[in-house]
Each structure stands twice: as C-alpha cells, then as structure tokens.
Amino acid sequence: MEKIVFSILRYDPEKDKKPHYQDFDVEIRRPGMMILDGLNQIRWEQDGTLAYRRSCREGVCGSDGVNVNGVNMLTCVTHITEVVKKGRLVIQPLPSLPLVKDLVVDLDDFFNKYFTVKPYLISKTPPPHRERLQSPAQRKKLDGLYECILCACCSSSCPSYWANPEYLGPSAMLNVARFVEDSRDDGADERLDMLEDRIGVWRCHTILNCVEACPKSLNPTQAIATLKKLLVQRRF
Amino acid sequence: MAIKSDIIVHRVDALVAGAGGAGLRAALEAGKQVDTAVITQVFPTRSHTVSAQGGIGASLGNVEQDSWHYHMFDTVKGSDWLGDQDAIEFMCREAPSVVIELEHMGLPFSRMDDGRIYQRAFGGHTSKYGTAAVHRSCAAADRTGHAMLHTLFEECLRCGVKFYNEYYMLQLITNQGHVCGALCWDMIKGGFHLFHAKATLFATGGYARVFTTTSNAHICSGDGASLALRAGLAVQDMEFLQFHPTGILGAGNLITEGVRGEGGFLLNALGQRFMETCAPHEKDLACRDVVSRGIAEELRGGRGCGPKKDHVLLQIHHIGAETIMERLPGIWELTKVFAGVDCTKEPIPVVPTAHYSMGGIPTNRRAEVVVPGADGPETVVPGFYAAGEAACASVHGANRLGTNSLLDLMVFGREGGRRMAQYAQQNETWPDLPENAGKQGLAEVERLVNGGGGVRLGPLMEQLRDDMERHCGVFRTADDLEQLRGKLAAHRAAYAKVGVADKGAAYNLDLIEALELGHMLDVCQAICQGALARQESRGGHYRDDYPQRDDANWHKHTLALLEPDGQARLEYKPVRMQPLSVPTIDLAERKY
Ligand SMILES: Cc1cc2nc3c(=O)[nH]c(=O)nc-3n(C[C@H](O)[C@H](O)[C@H](O)COP(=O)(O)OP(=O)(O)OC[C@H]3O[C@@H](n4cnc5c(N)ncnc54)[C@H](O)[C@@H]3O)c2cc1C
Ligand code: SF4
Ligand code: SF4
Ligand code: FES
C-alpha cells in the first residue's frame, strides 16, 4: 500500500518548550483520501495525543484551516494526492497565531477583529410586515461575500496582519463589505469610519496572499478595494 | 497528571447547551430578558446547522397560493401519522413569521424577480392536500444553513449574548426532579465549569454520526440524548432515523433534495427513472423514506450502477450550467471534490446516507421536556427545555420532511427561549445544587484519562458504526437487530477498557472523542432495542419481516430509559392526535 509521510508540527504546552516536527506514515487506503482522513488515521491508530480541529468534514464550517507545504487550506476538502510533494506533506498550524496545541491555534484575536466591525445588519427603518424587498441584482452583490466560513486561512497568510497587530485583516474586511453591499443595510457610515482608522483598509498592500489562501474562492482583496473606493468617494 | 478536579461555578438565569440554529435562536430570545449563557463544543458558526443546504419550509406563498393548513397536512402525512398534531399545527402556523424574522435580521435569501424570498420545491410538500407540488422551501442558494447560522450568530453578537466556546458538556445536573444546570469541560485550557442555571435548554443536535455512511459532522454523536438518559430521563422514538436518498457514493456527504426540487431525477443501471414506478404521483419528489427504499430496492434487485452495482445516478445537468451555478453552487463544489464529477456535465453517483434523527428528548409544543406522569398524563421536568434535532416535539414523527428541520429549530428555539426567560423570571431563587454536583461527569473524565485501558477508541468507533449500518439500515429484520444487540453488548464491554492516550488538559481531542463514543453507545442501544421491539414498518423504520404499518398495535411513541447495565427499558405513550384549532387529520394510507 502506498504510504505518505505526514510531517506534523507538534507542540504540547504542558511538556514542550518549543514546537518540533514529528513524522508519521499514512497509508493510502482508498482513492480520494483527504488530509483529514490521514490525520484521523494517525490519531486513531498511531498517536492519540495529536490535536487538531474538525467538524463538518465538507468545507463549510471552517474548523480545520492549517498550513500544508507552505499554503493555508482546509484538511477536509484537500485530497492528499493534490498537494503531496515527493511523498511528503509538511503540516503546520496556521501561521502567526498563538499555539494552543499541535495544529490548534488561538483564534481570539481573529474573532475579536471580526466582532469589532459590527458584522450584523444595521437597519434604521422599522421592518415592514413582510420581507424587505431585494432585487436579484442587489442580492447578487452579496455573492462572493456572504459565503465566508471564518476559517482564518486568509488573515493568517497576510503579511500586513502578521506585521501590524492592530490591522483588521482580510476576513474582517470582507465581512464589512458583506454588509456595506447589502441593500437592506444602513450602517455603512459607522463601519467605514472604523476603517478610516489606521487598522483599516490602508494597511492592505494588495499582496494577494489572502486570495490564494481562501478555500471558498472568495476575494478579500477585491472587497477591500471596494471599501477603499467607497472611502475615497465619501471624502468628496 | 495535568487534569485538576477543581470546579468553577457560574451562575446564570438561562443556560443554552449548543450553538446551532436551535441554540442560537433560543439564546437570542432568552437573552433579551434574562442573563443567558451559551456553551458549545465548537465555535458557534462551526455547528452542524452550517451544512444545511436546501432551505426552510414556510407557506409564504411567494410562487403559488399556499397555506399553513396544507403544510400541516403534508407534515402529518410525511410523519406517517406518528407526529403530534398540536405541535405540528403550532410549527406550521408560526413558520411564515420565523422566516420573515430571519429576513429582517439580514439572512441573505435568494430572491424572486419581484424582490420577494425565493422558494423552491421539495419532497412531500404539496398544495391543496396532496394535489399539486408547491414551492415552499425558502432558500439562500444551497447554503441556507450557513446563511441562517451566521445571521443568528451576528444577531446574538449585536444583542450581547454570552458565549463559552469550545466548552464540552459532561453532565446534566438534576436535584429532586429539577434540572439545575450542567457540568462542562473547557477544551482549550482544561478545567471543569459548572453552570448553575434556573432554566437549561438542550440544543445539542442529532445522532446520525452513529452510522458509517452519513451526511453528519464529526460532532453529531447524540450527546444530548445520552446525557438525558444518564440523568434518568427518557428519550423518544430513537429507532426513527432518516436515511436521505442522495448521499455521495463513498463519502456520504449530502446532495440536497433541492437538486430534485430544481428538476433533477434518479436513474438506475438500465437508464430507467425508477421513481416513476415507486411513487407514480410524486416520483423523485416523494418523501425521503420512500425514495431511499426505492433506491435500496434497485440495489437489491441488481439494477445498481457501476462495476459493483452499488449506487444509482442523480442527473441534474439537463437544467443547464447557468442555473446550476446560480441555485446549486455548493452542490457543484461538493460533487467536484467528493465524487470527482462535474454535475453540470454528468450525473452524480449516490446512495442513501444516514441523515437526520427524528428521535430525541421528548418535549411538548412549548419546548418543555416531559416525562411520563406517575399515573397517566405526562408532566413537565421543571427547568428543562430542548429544541431542534436533539429534541422530539414530535413534529417529524416517523419521517421528517425536507426543510422542516430548520423550521423546527426556529420555531421551537424561539419558543424554548421565551419559556426559559419566563421561568427564570418567575423563580427568584436558583434551585439548590445537589451534594457533590457534577461528580459523575468529573469521575468519567478521570476514569478515561487515568484508567489506562489498552483498547484504542478509533477502531472501536469504526466497528460500532459499521455494525449499525449493516444491521440497522434502510431495511431491518429481527434477526439483524438481535445480532446487533449482541454486538452492542460486546462494544460496551470493550469501551470500559478504552484508554485515552492524551493525559493533558489542553485541547485533548482524544478525551472528547472517547466521551462521544460513550454517548454513541447509549444512543445505539436505544435505537436497536426500539427498532427490535417495533414490529411494523412506518416512515424511516422499515422491517422486512413486518412490511406493513400496524396502527392497531404500534400507533404510539417509543420511550427508552437507560438501565444501570446499559440496556434500554422501553415504554410507550400515545400520539397526540388533537391539533390546536383544526380537526384531526385522521389516519390514512400513505401514498405518493
Ligand atoms: C448536509 C445537510 C443538509 C441539510 N439540509 C437541510 C435543509 O435544507 N433544510 C432543513 O430543514 N434541514 C436540513 N438539514 C438538517 C438540519 O441542518 C439539522 O437538523 C439542524 O441544523 C440541526 O440543528 P440543531 O440546532 O438542532 O443542532 P446543531 O446545528 O447540530 O448544533 C448542535 C450544537 O450542540 C453543540 N453540542 C453538541 N454536543 C455538545 C456537548 N456535549 N457539549 C457542548 N456542546 C455540544 C455543538 O457544539 C453545536 O453547537 C440538513 C442536514 C445536513 C447534514
Ligand atoms: S491583499 Fe491585503 S489583505 Fe490580502 S494578504 Fe495582501 S495585504 Fe493582506
Ligand atoms: S475570506 Fe475565505 S479564507 Fe478568509 S476567513 Fe473567509 S472563507 Fe476563510
Ligand atoms: S471540517 Fe468543516 S471546514 Fe473542514
């Protein structure tokens, strides 16, 4: 049976001073095995102490972003064969985030930034008796924005996010755009005010790592560009 | 060892366990009025509700005339008359209002040309009492669950609901018949936390993970049902598990019924649309149990596709790539990744997949948990509520209609939240905690971590799920179920020897999975014994040796309780046939 080496960054806060790599052999037992299947195989059969997050196993819950051979991705929807290099996968936690254990990182900062941008509909008129109307064209503007699964693959690949602890990062800003673009929302001003700050859009240098990293094929850079444009328009 | 046995106590008015659609809707409602905390094993937007695809049912009538009466009729018939008609009436009447509420919160529904919410056809949903198909499912493309869960979480953030994320619940705390909170484990740092609450609501989701081929997430292990059982309470109708007709071959991941709602159909190896024979009237959009059996019959009859004749094909490409990419973009992605198929060009290989738990913790239509009364009518367990897939209201009876789960979450989540707030406000003081509160849950963690048995949990879990699939699937027999019962006893014995390899406090996934395996064993026991006892076929429970529905003997709900030796004790209670305001929908033959 074909074997692939999973070289995994291990870290146990109760035992290790610093992280180190450990190699495991994963057997390819059926076609279409995902990286998550390999991690499960290791934990169930070889080493029960391996820690990682997962839940939906189909790319919609955003639990299992990790860095494989240098690129951020979800383990549950990435075929081993797709990314394997010379029989080997090097698996690390998402970069730049504090470690909890092995592949599990502390996402508090990531979520706090998301919470900061008021990621909810702000409506200043009382709701009608029935649904608010929204044309298919207006609704279409939300495509590519509302599908974010908060996996942090983008933000943790962004050099500006690494360099500036205050920078909101691509995911939070994509979520700003999700509401600013919603025809039912009246909160654009409050949100844009926040982005004028040094922690906002001007820290994005269009390096595009985030676009490459997003497993849902979303485009945070474009969302940020839209916000920049709105900010500029607002000044005049 | 690194695990400390101190318990930190938190006092809250209302405690919600679970942050899926049901939990968040409840928290939102309770949180408006009383101090509310939510505990959840995963970050809220990672809950299983995020996977829901096809939509939420409500008789908005945006496409053609519709009414809650029709919706109610379909739900009762879909349930094979095992659903409680008062709860069903309540749910169908409330449906339009909960959907409009979600829209007002900002849920990005797909839209019709005139700007109203887009609705699609779904199995078993008809107008005018079964005469024509109706567009009732309110959808956000094929990502309705994601849109719903994120919208509810956003609304909770706005309202300042308190979250304890990645807290795993270990024990339901009761004292003299009152529920007074839950013991939890902080998964990130380690450590025990006891939430002392006036009102506690379980919204912990379903148990379909106990089968190998499943559409469910890793965490759907029936923890709520199991914890209720361990606290001496009953669970209801556990043998009714829904097999969804269209799971991706090999992976089990779901292909929404919305695909057939948009015009897709099933084909066998001979290229025949076999559902035309199985359900001449509603064909591919008959109820799920009917279509699943239709497929399973094709496979049994040797008409399956592929070299192993182990699947059928679901065709959708005839509706055109553009429509598919607009209405079913998530399905396109899933089939690409999990089946290697481009569904805008070729059909999708599918098999029935374990999908939804009709059974759960019994409640009345107010989301209050009930137990059989000492002599006759059931009584409410003070301070205890349940909603969503963890509960059994029972609105789905023997078979759930597609789109009625998301609806159930919203209606009974909201109702449960309201009732909790009311109860907490009426009771100024907290119910006393029992002596050594939480001792059981704490001892279990210590036993698993310290009692270094040699059995590894992974292979045991896989074996358990395989056995459930083999002996308790779409078709069941006494013989199979007897065998399963024996195997379950052996698995339970093996479980006592499971050792957790990880001894640490920080993110101990091995410990969590060991606890989940314990819950799965409880749930499987109730499923197996309930199925063995029920000598009839109804909805999702089909007995090859008793192929008919038997109303004279079996028109009743199963209640299962857990005995100290791990066996289930079964009791029964009547189906509530009296709706709130309309005449009873009388028992009738169920044809599609
Ligand atoms: C692929 C798929 C598609 C579906 N599509 C539809 C659809 O289109 N329409 C429809 O109506 N229904 C659909 N369903 C069904 C529906 O999605 C589910 O029944 C529903 O989402 C369940 O929601 P819930 O709130 O009850 O529980 P869940 O969303 O499962 O949430 C359970 C919560 O409980 C928590 N929890 C569980 N155990 C513990 C514990 N021990 N300690 C702490 N927390 C715990 C979890 O962290 C989670 O937050 C679909 C299901 C699947 C699998
Ligand atoms: S484009 Fe902007 S947000 Fe994206 S990685 Fe680059 S700097 Fe970060
Ligand atoms: S934008 Fe993409 S990568 Fe970033 S959090 Fe959302 S889904 Fe993940
Ligand atoms: S496990 Fe949910 S996205 Fe991978």
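Worth knowing before you read on, the calculation uses all heavy atoms, side chains too, and leaves out hydrogens, waters and symmetry mates. Letters A, B, ... are given to chains in the order of the sequence lines, protein chains preceding strands, and every chain is numbered from 1.
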Toward chain B, the part of A:P13 with a non-hydrogen atom under 4.5 Å: side chain
Heavy-atom contact with chain B under 4.5 Å, split by part of A:S63: both
Best-contacting candidate, A:D102, A:V60, A:V100, A:T78, against chain B by heavy atom pairs under 4.5 angstrom: A:V60
Most contacts with chain B, counted as non-hydrogen pairs under 4.5 angstrom, among A:C151, A:P136, A:C56, A:A137: A:P136
Which atom of A:Y146 lies closest to which atom of B:A140, heavy atoms considered: OH-O, 4.2 Å
Other residues, nucleotides, ligands: >12 heavy atoms within 6.0 Å of A:E212 CD: no
Pair A:R53 + B:E166: basic N to acidic O under 4.0 Å: yes
Heavy-atom contact with chain B under 4.5 Å, split by part of A:K216: side chain
Among A:C76, A:P128, A:S55, residue most engaged with chain B (heavy-atom pairs, under 4.5 Å): A:S55
Contact class of B:I100 relative to chain A, heavy atoms under 4.5 angstrom: side chain
Where A:L142 and B:P108 come nearest, the two heavy atoms and their spacing: CD1-CB, 3.9 Å
Proximal component of A:Y52, with respect to chain B [non-hydrogen, under 4.5 Å]: both
Step-by-step side chain to side chain contact (heavy atoms under 4.5 Å, CB included) determination, A:Y114 to B:L157: CA-CA 11 Å; A:Y114 165 69; B:L157 289 177; 4.1 Å; yes
From SG (A:C61) to NE2 (B:H48), nearest 0.5 Å: 10.5 Å
Options A:S135, A:S217, A:S123, A:P119, ranked by heavy-atom pairs under 4.5 Å with chain B, top entry: A:P119
Which atoms of B:A251 approach chain A - backbone, side chain, both or neither, heavy atom under 4.5 Å: backbone
Option that, when pairs with chain A are counted at under 4.5 Å, heavy atom only, ranks first among B:T45, B:L60, B:I219: B:L60
Residue pair A:R57 / B:T214, side-chain heavy-atom distance below 4.5 Å: yes
Proximal component of B:M112, with respect to chain A [non-hydrogen, under 4.5 Å]: backbone
Salt bridge present between A:E14 and B:K503 (N-O < 4.0 angstrom): no
Exercise: identify the closest heavy-atom pair between A:R184 and B:L107: NH1-O, 3.1 Å
Most chain A-contacting option - heavy-atom pairs closer than 4.5 Å, from B:N216, B:T151, B:T49: B:N216
Cationic N near anionic O, under 4.0 Å, B:E513 to A:R43: yes
Under 4.5 Å from a heavy atom of chain A, the part of B:F109 involved: backbone
Closest-packed option against chain B by number of heavy-atom pairs under 4.5 Å, given A:E82, A:R130, A:K15: A:R130
Separation of A:N175 CG from B:E154 CD (nearest 0.5 Å): 7.5 Å
Other residues, nucleotides, ligands: >12 heavy atoms within 6.0 Å of A:Q22 CD: yes
With A:S156 via side-chain hydrogen bond (donor to acceptor under 3.5 Å, both in side chains) - residues at least two apart: A:N72
Partners meeting ring-ring contact (aromatic ring centres under 6.0 Å, His included) with B:H146 (sequence neighbours left out): B:H150
Side chain, backbone, both or neither of B:R456 within contact of chain A (heavy atoms, under 4.5 Å): side chain
A:K101 side chain reached by B:I188 side chain, heavy atoms, under 4.5 Å: no
Distance in Å, B:Y507 OH paired with A:L103 CG, rounded so as to fall on 0.5 Å steps: 11.0 Å
Closest-packed option against chain A by number of heavy-atom pairs under 4.5 Å, given B:G250, B:G106, B:P459, B:P329: B:G106
Partner chain B: residue of A:K118, A:H79, A:E45, A:E147 with the largest heavy-atom pair count (under 4.5 Å): A:E147
Pair listing, salt bridge (charged side-chain N to carboxylate O under 4.0 Å, His left out) test, anchored in residues 169-181 of chain A, at least two apart: A:R178-A:D182
Smallest separation among heavy atoms of B:R111 and A:Q134, with atom names: CG-O, 3.1 Å
Per-residue contact mode, B:N62 against chain A (heavy atom under 4.5 angstrom): side chain
Contacts with chain B made by residues 24-42 of chain A (heavy-atom distance under 4.5 Å), listed by residue number: A:M34, A:L36, A:N40
Ring-ring centroid check B:F153 A:Y120, cutoff 6.0 Å: no
B:R158 to A:I122 - nearest heavy-atom pair and separation: NH1-CA, 4.4 Å
Backbone of A:I149 reached by a side-chain donor or acceptor of B:R46 within 3.5 Å: yes
Within-4.5 Å side-chain heavy-atom neighbours: A:V77 and B:F338: yes
Region of B:E333 in contact with chain A, defined by heavy-atom distances below 4.5 Å: side chain
Heavy-atom pairs under 4.5 Å with chain A, option from B:R143, B:M105, B:E326, B:M187 with the top count: B:R143
Residues B:S51, A:E58; criterion side chain to side chain contact (heavy atoms under 4.5 Å, CB included); working and verdict: CA-CA 8 Å; B:S51 296; A:E58 56 183 27; 3.5 Å; yes
Contact check, side chains of A:L121 and B:E155, non-hydrogen atoms, under 4.5 Å: no
Pairwise distance CG(A:L50) to CG(B:D510) - rounded to 0.5 angstrom: 9.5 Å
Part of B:L254 lying under 4.5 Å from any heavy atom of chain A: backbone
Pick from B:L102, B:D113, B:V42 with the largest number of heavy-atom pairs that fall under 4.5 Å of chain A: B:D113
